[in-house]
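Have a look at the structure below, then the notes.
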Protein chains: 4
Amino acid sequence: MKKNKPKYKQIIEAAVEVIAENGYHASQVSKIAKKAGVADGTIYLYFKNKEDILVSVFKEKMGQFVEQISTSIDKKQNAREKLLTLIEKHYYQLANDHHLAIVTQLELRQSNKDLRLQINNVLKPYLTEIDKIVNEGIEEGLFRDDLNLPLVRQMIFGILDETVTNWVMKDQKYDLVKQASAVHTLITNGLSK
Amino acid sequence: MKKNKPKYKQIIEAAVEVIAENGYHASQVSKIAKKAGVADGTIYLYFKNKEDILVSVFKEKMGQFVEQISTSIDKKQNAREKLLTLIEKHYYQLANDHHLAIVTQLELRQSNKDLRLQINNVLKPYLTEIDKIVNEGIEEGLFRDDLNLPLVRQMIFGILDETVTNWVMKDQKYDLVKQASAVHTLITNGLSK
Amino acid sequence: MKKNKPKYKQIIEAAVEVIAENGYHASQVSKIAKKAGVADGTIYLYFKNKEDILVSVFKEKMGQFVEQISTSIDKKQNAREKLLTLIEKHYYQLANDHHLAIVTQLELRQSNKDLRLQINNVLKPYLTEIDKIVNEGIEEGLFRDDLNLPLVRQMIFGILDETVTNWVMKDQKYDLVKQASAVHTLITNGLSK
Amino acid sequence: MKKNKPKYKQIIEAAVEVIAENGYHASQVSKIAKKAGVADGTIYLYFKNKEDILVSVFKEKMGQFVEQISTSIDKKQNAREKLLTLIEKHYYQLANDHHLAIVTQLELRQSNKDLRLQINNVLKPYLTEIDKIVNEGIEEGLFRDDLNLPLVRQMIFGILDETVTNWVMKDQKYDLVKQASAVHTLITNGLSK
DNA sequence: GATGAATGAGGCTTCATTCAT
DNA sequence: TATGAATGAAGCCTCATTCAT
């Protein structure tokens, strides 16, 4: 299978670096090839076209991203801890891979609607993970049972996404992971006394 | 002043339409000129370059957007109502201008970091508006006084932005404004019982 | 109308020269632009794409070619002289425009079937001219009346085309026009005593 | 000798099929290799380069083509019958191998002048065959003795070539072989009464 | 002899911007 | 001010050929 060949991984890694360093639109295929240490043509033995590189980057990286989070969550006992873990791991992983953070928060958004729909598909398992936690919280009696699930899902994702984007736009100058607890509190308790 | 001349407005309006209909990358300057009923070269009498058109579109539209919201908020007496109004008006305005919704949620994001920083500048008055509401809520004793203000601001903006984007990506098939109340509840009360 | 603008003609003439000198496949658009003294992009203000340049070259040149022949033929009184004129003018024009001869006999054939079908369309008026002469010859009692018209047309065209191609392949070393009379005799009288 | 090895033949046959089905320019070496059931690299053990495949295809196929015609002609007693046989067999063979007809009449012409010169070389034995018939006809007193031999040769070849090309361009919809007799008459008797 | 993964040169076309009128 | 014809830089992708195995 192509995806297990070393060059496939090389190209993916090179793509993340090149996109993070140069931005989406200045990321020529030739630059990615050079960074990956392969010929331009070799790219096309592993990817259909440039867009396919981008989608693949996202799939690979998001696959790992979600898996890491899922694994960590599974070790936790209740919805409260699971939600905290989701937030922490979400922040932790992006904080520890600056290139990936830039790519997911800024560069990959510079794509057309079709590509964005594909990216959304890749994100579905992550959103399902959120849903599971919320449902569990309701069953545990921790969360209110009148919650509008899709809305809660968008709320949680929106908060995490915006806080990470803000951190990236501020050049990653502060400690993202430290915010996890406060964000957790805000999500669970809201603004009210 | 250039911005008050009729052609300036014409071009701005044409840009919104063209971008919404064709997407950011298929929105050539010549297409905008044609829709605006001016020559290509005329564009450059009013705007420095293509990016300047985009920033200007955002400034013009967001200026009106924020002003509408501010005006509505000023009529309200307390933070709770102000926050609800903010949400409602945010949704209402985008729900009533499909072109604008597509442009702000999808197309304008397909730009590089520099442009994004400029857009963020344009958004500052809106974020200040949020800050004011939260501070007022704290003073009123409605909200907790240990809130991390920048974080709350990002949270609120993140929720609104993500819910609108979701609605646009789902082809604006459901009633966005109707969600305002549920979103308000989530923000103020969080998930917990 | 674009076709009457000077740049259109310039590009057509440049294309003939470049194709004749470099061959069809080595005739980059940039080479044609350079020879025409315009920018690469200017080509695309006058032609849809590279293939369109080729078809246009053929249309322009063949249009003149056929017109020249038609005009000359109209001055002749009978089918015998008309046929001789057709042959003479066919040879004469190509013999006097070496570039054109190379382009029509060698280079333009290096194109796919679709392009070839378009070229055939351009040739139709020429073939009609042949038909008219043959029919006239039959009416005059000069030619046999059991002639298979399409076949005769192909025969005449095939002979002219092959003799010109042979002359081009032999690097135009002999006098093509001088052959006209012999060819005329062969067509009218065949091989037999 | 390489040419007698089975893979050589396989590749030649595959090339004819691939070129006929896809056209000259869409006939990648890898496609030919696949159809021949060999690896891409194997092609280069039997052929110098892609052009060599094409020339070899033509040599192989035209060799058989001319041989068939020669054999048939040898059985005939006089120039008249020999010429008719030449025409009939020329048509017959191409009519019975549609792939070959497409390749010789359309696809192989999409090559540069050098390749065309090589192809002409391959055709020489065929042209010699024509010469022999014409000379024989003159000796027999059948044909006029003032014939310009090279011109007659070009005439006969031009007619056959054009009529076959016309038939291929018309998608081989009519019966080519049936035309042989009429063509024979035209060549021997010309248009005149 | 046979393989097929890897190579890398090469060109058509778009479109933001300019400038002579 | 306004025009719009002209500019020209820049990049994705294909595919004939090679060579280590």
Side-chain angles (χ1 to χ4, degrees), chain A residues 2 5-8 10-11 25-34 36-53, chain B residues 2 5-8 11 25-34 36-54, chain C residues 2 5-8 10-11 25-34 36-53, chain D residues 2 5-8 11 25-34 36-54:
Chain A
K2 264 188 185 163
K5 297 207 176 164
K7 298 228 159 140
Y8 181 84
Q10 273 174 50
I11 295 167
H25 285 114
S27 293
Q28 299 89 333
V29 172
S30 62
K31 247 182 213 164
I32 296 174
K34 200 171 182 184
V38 301
D40 291 18
T42 306
I43 299 272
Y44 292 88
L45 298 176
Y46 295 90
F47 301 91
K48 258 204 324 284
N49 51 36
K50 191 183 177 185
E51 184 171 308
D52 190 29
I53 306 178
Chain B
K2 266 182 185 171
K5 299 217 174 164
K7 293 211 171 161
Y8 180 85
I11 295 168
H25 284 115
S27 293
Q28 299 88 339
V29 171
S30 62
K31 235 181 223 165
I32 296 173
K34 196 171 184 185
V38 302
D40 292 16
T42 305
I43 298 270
Y44 291 87
L45 298 174
Y46 294 89
F47 300 91
K48 241 193 358 270
N49 51 34
K50 191 182 178 185
E51 188 171 301
D52 189 30
I53 306 178
L54 297 172
Chain C
K2 265 188 184 164
K5 297 207 177 165
K7 299 228 159 143
Y8 181 84
Q10 273 174 49
I11 295 167
H25 285 115
S27 293
Q28 299 89 332
V29 172
S30 61
K31 247 181 212 162
I32 296 174
K34 201 170 180 183
V38 300
D40 291 18
T42 306
I43 300 272
Y44 292 88
L45 297 176
Y46 294 90
F47 301 91
K48 256 204 326 282
N49 50 35
K50 192 183 176 184
E51 184 170 309
D52 189 30
I53 305 177
Chain D
K2 266 183 183 169
K5 300 219 172 161
K7 294 212 168 159
Y8 180 85
I11 294 166
H25 283 116
S27 293
Q28 298 88 339
V29 172
S30 62
K31 235 181 221 166
I32 296 173
K34 197 172 184 184
V38 302
D40 292 15
T42 304
I43 299 270
Y44 291 86
L45 298 173
Y46 294 89
F47 301 90
K48 241 192 358 268
N49 50 36
K50 191 182 178 184
E51 187 170 303
D52 189 30
I53 306 177
L54 297 172

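Lettering follows sequence order; numbering is per chain, from 1.
Judged by distance alone, the side chain of C:Lys50 and the main-chain N or O of C:Ser27 form a donor-acceptor pair under 3.5 Å. Here the side chain of D:Lys34 pairs no donor or acceptor atom with the backbone of D:Val29 at under 3.5 angstrom.
Between A:Thr42 and E:dA6 there is no side-chain N or O to OP1 or OP2 distance below 4.0 Å. An OP1 or OP2 oxygen of F:dC15 is reached within less than 4.0 angstrom by no side-chain nitrogen or oxygen of A:Tyr44. Within the structure, every side-chain polar atom (N or O) of C:Lys7 is placed at least 4.0 Å from both OP1 and OP2 of F:dA5. OP1 or OP2 of E:dG1 has at least one side-chain nitrogen or oxygen of D:Lys5 nearer than 4.0 Å.
D:Asp52 contributes atom CG, which lies 14.0 Å from atom OH of D:Tyr46 (distance to the nearest 0.5 angstrom). In this structure, the separation between CG on C:Asp40 and NZ on C:Lys31 is 12.5 Å, given to the nearest 0.5 Å. How far CD1 of C:Ile32 is from CD1 of C:Ile53: 4.5 Å, rounded to the nearest 0.5 Å.
Distance, C:Tyr46 OH to F:dT7 P: 9 Å, rounded to whole Å. Rounded to whole Å, atom P of F:dC13 lies 11 Å from atom CD1 of A:Ile43. As a whole-Å value, the separation of B:Asp52 CG from E:dT17 P is 10 Å. Here E:dG11 presents its P atom at 17 Å from CG of C:Asn49, a figure rounded to the nearest Å. Rounded to whole Å, the distance from NE2 on B:His25 to P on E:dT13 is 22 Å. Atoms NZ (A:Lys34) and P (E:dG8) sit 12 Å apart, rounded to a whole Å. When rounded to the nearest whole Å, the span between CD1 of A:Ile32 and P of F:dG11 equals 12 Å. Here the C1' atom of nucleotide F:dC13 and the CD1 atom of A:Ile53 are 11 Å apart, to the nearest Å.
Considering only side-chain atoms of B:Lys50, the nucleotide from E:dA16, F:dT7, F:dG4 that sits closest is E:dA16. Ranking E:dA16, F:dA5, F:dC13 by closeness to the C:Leu45 side chain, first place goes to F:dA5. Between E:dA6, F:dA16, F:dC13, one nucleotide has an atom nearer to the side chain of D:Val29 than all others, and that is F:dA16.
Nucleotide F:dC13 forms a Watson-Crick or G-U wobble pair with E:dG10, both donor-acceptor distances falling under 3.5 Å. In this structure, E:dT21 forms a base pair with F:dA2, meeting either the Watson-Crick or the G-U wobble geometry with both donor-acceptor distances under 3.5 Å.
Nearer the 5' end of DNA chain F, as judged by each residue's closest nucleotide, is the contact made by C:Val38, out of D:Gly41 and C:Val38. Toward the 5′ end of DNA chain E lies the nearest nucleotide of C:Glu51, the other residue of the pair B:Asp40 and C:Glu51 mapping further downstream. Residue order along DNA chain F, read from the 5' end via each residue's closest nucleotide, puts B:Gly37 first among B:Gly37 and A:Ser30. With DNA chain E read from its 5' end, the first of the two nearest nucleotides for B:Ser27 and C:Gln28 is the one closest to C:Gln28.
Between the side chains of A:Lys7 and A:Gln10, no donor-acceptor pair of N or O atoms lies under 3.5 Å.
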